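Start at 1 and go down the list; that is how both ligands and their atoms are numbered. None of the values given here were measured: they were computed from a predicted structure.
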Amino acid sequence: MKVRKAVIPAAGFGTRMLPATKAVPKEMLPVLNKPCIQYIVEEAVYSGIEEILIITGRAKKAIEDHFDRSPELELHLEQSRKSTMLTEVQAISDLVDIHYTRQKTPLGLGHAILCAKSFVGNEPFAVLLGDDIIQADEPVTRQLLSQYQDTDRALLGIQPVPTKDVSKYGIIEPVKGTAATNVPLPVHRIIEKPSEAEAPSNLAVLGRYVLPPTIFDALEDTPVGHGGELQLTDAIERLAALNLVDAYQFQGIRHDIGNLEGWLKANLAFGLEDPNLASSMRAWLADDHIRSRLASF
Ligand code: UTP
């Protein structure tokens, strides 16, 4: 069965990016001149997804406005003959069929996914976290979908992370005797934000999933977990206990724009690759004044 639908959770408070996120949704913070969530919607579209549900909440109206038509702006661009910009602005609203639902209180990622139950129905679906951009030659969701065979199983996008950072992620334990390669790896267990001592590996789930519809039953049976939130990881662990979870090591550089360091690195990384910015950015970084500032830290 083709995976046609994707869910993008974007209802969190974004407290780590305050005060920027007091009135602006974290998912709308720009990386260069594009809001984070547009990169994510584009990844889904370039991966063959036909319908998207964005989970929003109070104070997230800017997300809906961004993907909607803007007649006044379009008229202004037309009258001032800014045709390239007009085409670009119109293309955003024509990208794909986007639906929205509100998570009334942000009770955790698992709870946000549960809000997608009626949209998803009885099909497998992709999940792309609203604050994780992945720079990749082949869109990461497409990489996962090309490996997804069995519609009863979950497939998690993973990459190794430094051991000191395991407590920031869901960490998998592969089935004994298997190693991360370019094929899906059966998962024995998954733990949300383990300590270094508890972590069964350094393979972290990084913001991309393909999930079977049975995840909703698992979520409904899962108690509140780490941080007092309903954790998606805990529901996936229930599927892992039934040998129904695989993990795939995707190719790409993942940026978590939900923290200042990740957001800044994303801007630098995209800036250094942007044809209009790359040479001036490189020249700026090589400037004597900047180099001596960097050397002084
Ligand atoms: P995060 O845990 O990174 O988001 O969730 P957060 O809760 O906004 O972060 P902080 O700790 O307050 O800074 C990853 C993604 O899941 C969404 C977020 O919007 C983000 O895109 N999310 C998280 C929800 O949609 N609902 C939730 O209850 C929690």
Side-chain angles (χ1 to χ4, degrees), residues 6-31 34-44 52-64 66-67 98-117 119-120 125-134 140-141 156-158 161 165-171 190 192-194 204-209 211 215-216 219-220 222-236 254-266:
V7 175
I8 303 178
F13 280 123
T15 49
R16 285 166 297 158
M17 290 298 276
L18 281 168
T21 47
K22 187 173 173 221
V24 176
K26 155 170 80 169
E27 298 77 10
M28 285 298 292
L29 293 178
V31 171
K34 224 161 56 170
C36 171
I37 196 158
Q38 190 180 330
Y39 291 90
I40 292 161
V41 166
E42 286 170 353
E43 178 191 321
I52 292 177
L53 176 72
I54 301 182
I55 313 289
T56 66
R58 277 169 49 73
K60 299 276 181 171
K61 204 174 153 289
I63 296 178
E64 290 183 47
H66 183 70
F67 292 105
I98 303 184
H99 308 256
Y100 301 89
T101 196
R102 279 193 175 196
Q103 183 187 20
K104 295 196 180 79
T105 321
L107 299 173
L109 179 57
H111 182 261
I113 297 298
L114 206 42
C115 297
K117 185 176 173 178
F119 165 79
V120 167
F125 62 105
V127 173
L128 298 83
L129 295 194
D131 57 355
D132 273 340
I133 304 180
I134 305 175
V140 171
T141 297
L156 317 175
I158 54 160
V161 295
D165 291 337
V166 288
S167 63
K168 296 180 186 164
Y169 303 101
I171 300 290
I190 173 168
E192 181 66 15
K193 300 189 169 66
V205 181
L206 296 182
R208 298 293 183 273
Y209 313 71
L211 298 174
I215 194 70
F216 297 113
L219 279 165
E220 278 162 352
T222 300
V224 165
H226 188 95
E229 296 188 338
L230 180 54
Q231 296 291 349
L232 178 61
T233 302
D234 295 344
I236 293 174
R254 174 249 188 191
H255 303 285
D256 173 5
I257 67 99
N259 67 78
L260 199 48
E261 185 184 329
W263 175 78
L264 198 53
K265 282 182 178 166

Is the shortest side-chain heavy-atom distance between [X] and [Y] below 4.5 Å?
X	Y	answer
Leu156	Ile236	yes
Ile134	Tyr39	no
Thr56	Thr101	no
Lys60	Arg102	no
Thr141	Arg208	yes

So which bit of Glu27 gets within less than 4.0 Å of ligand 1, heavy atoms only: side chain, backbone, both or neither?
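Only the side chain of Glu27 comes within reach of ligand 1.
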Specify side chain, backbone, both or neither for Ile55, according to which of its non-hydrogen atoms lie closer than 4.0 Å to ligand 1.
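Neither part.
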Judged on heavy-atom distance to [atom], which of [options] sits nearest?
atom	options	result
atom 15 (C) of ligand 1	Asp131, Ile113, Asp256, Ile257	Asp131
atom 27 (C) of ligand 1	Gln103, Lys168, Lys26	Gln103
atom 16 (O) of ligand 1	Thr56, Leu109, Ile54, Leu18	Leu109

Hey, which atoms in ligand 1 end up nearer than 4.0 Å to a heavy atom of [X]?
X	answer
Ala112	24 (C), 25 (O), 26 (N)
Gly130	21 (O)
Leu107	28 (O)

Aromatic plane relationship, Phe216 with Phe125 - under 30° parallel, 30 to 60° tilted, over 60° perpendicular
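Geometry flag for Phe216 against Phe125: parallel rings.
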Nitrogen or oxygen atoms of [X] and ligand 1 under 3.5 Å apart:
X	answer
Arg16	yes
Met17	no
Gly12	yes
Leu129	no
Gly258	no

At what distance is the nearest protein heavy atom to [atom], and which residue and atom is it?
atom	answer
atom 12 (O) of ligand 1	Thr15 OG1, 2.7 Å
atom 8 (O) of ligand 1	Gly14 N, 2.8 Å
atom 21 (O) of ligand 1	Pro9 O, 3.0 Å
atom 25 (O) of ligand 1	Ala11 N, 2.8 Å
atom 28 (O) of ligand 1	Gly108 N, 2.8 Å

Name the residue from Val31, Ile37, Leu128, Val140 that meets the side chain to side chain contact (heavy atoms under 4.5 Å, CB included) definition with Ile133.
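The option that passes is Val31.
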Among Leu129, Ile55, Leu230, the one residue meeting side chain to side chain contact (heavy atoms under 4.5 Å, CB included) with Leu109
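Of Leu129, Ile55, Leu230, side chain to side chain contact (heavy atoms under 4.5 Å, CB included) with Leu109 is met by Leu129 alone.
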Nearest-0.5 Å distance, CG of residue Asp132 to CD1 of residue Ile8:
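With rounding to 0.5 Å, CG (Asp132) is 11.5 Å from CD1 (Ile8).
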Going by distance alone, is a donor N or O of one side chain under 3.5 Å from an acceptor N or O of the other, for His111 and Glu229?
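No, no side-chain donor-acceptor pair sits under 3.5 Å.
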Shortest non-hydrogen separation from Ile52 to Phe119 and the atoms involved:
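Where Ile52 meets Phe119 most closely, the heavy atoms are C-CZ, 3.9 Å.
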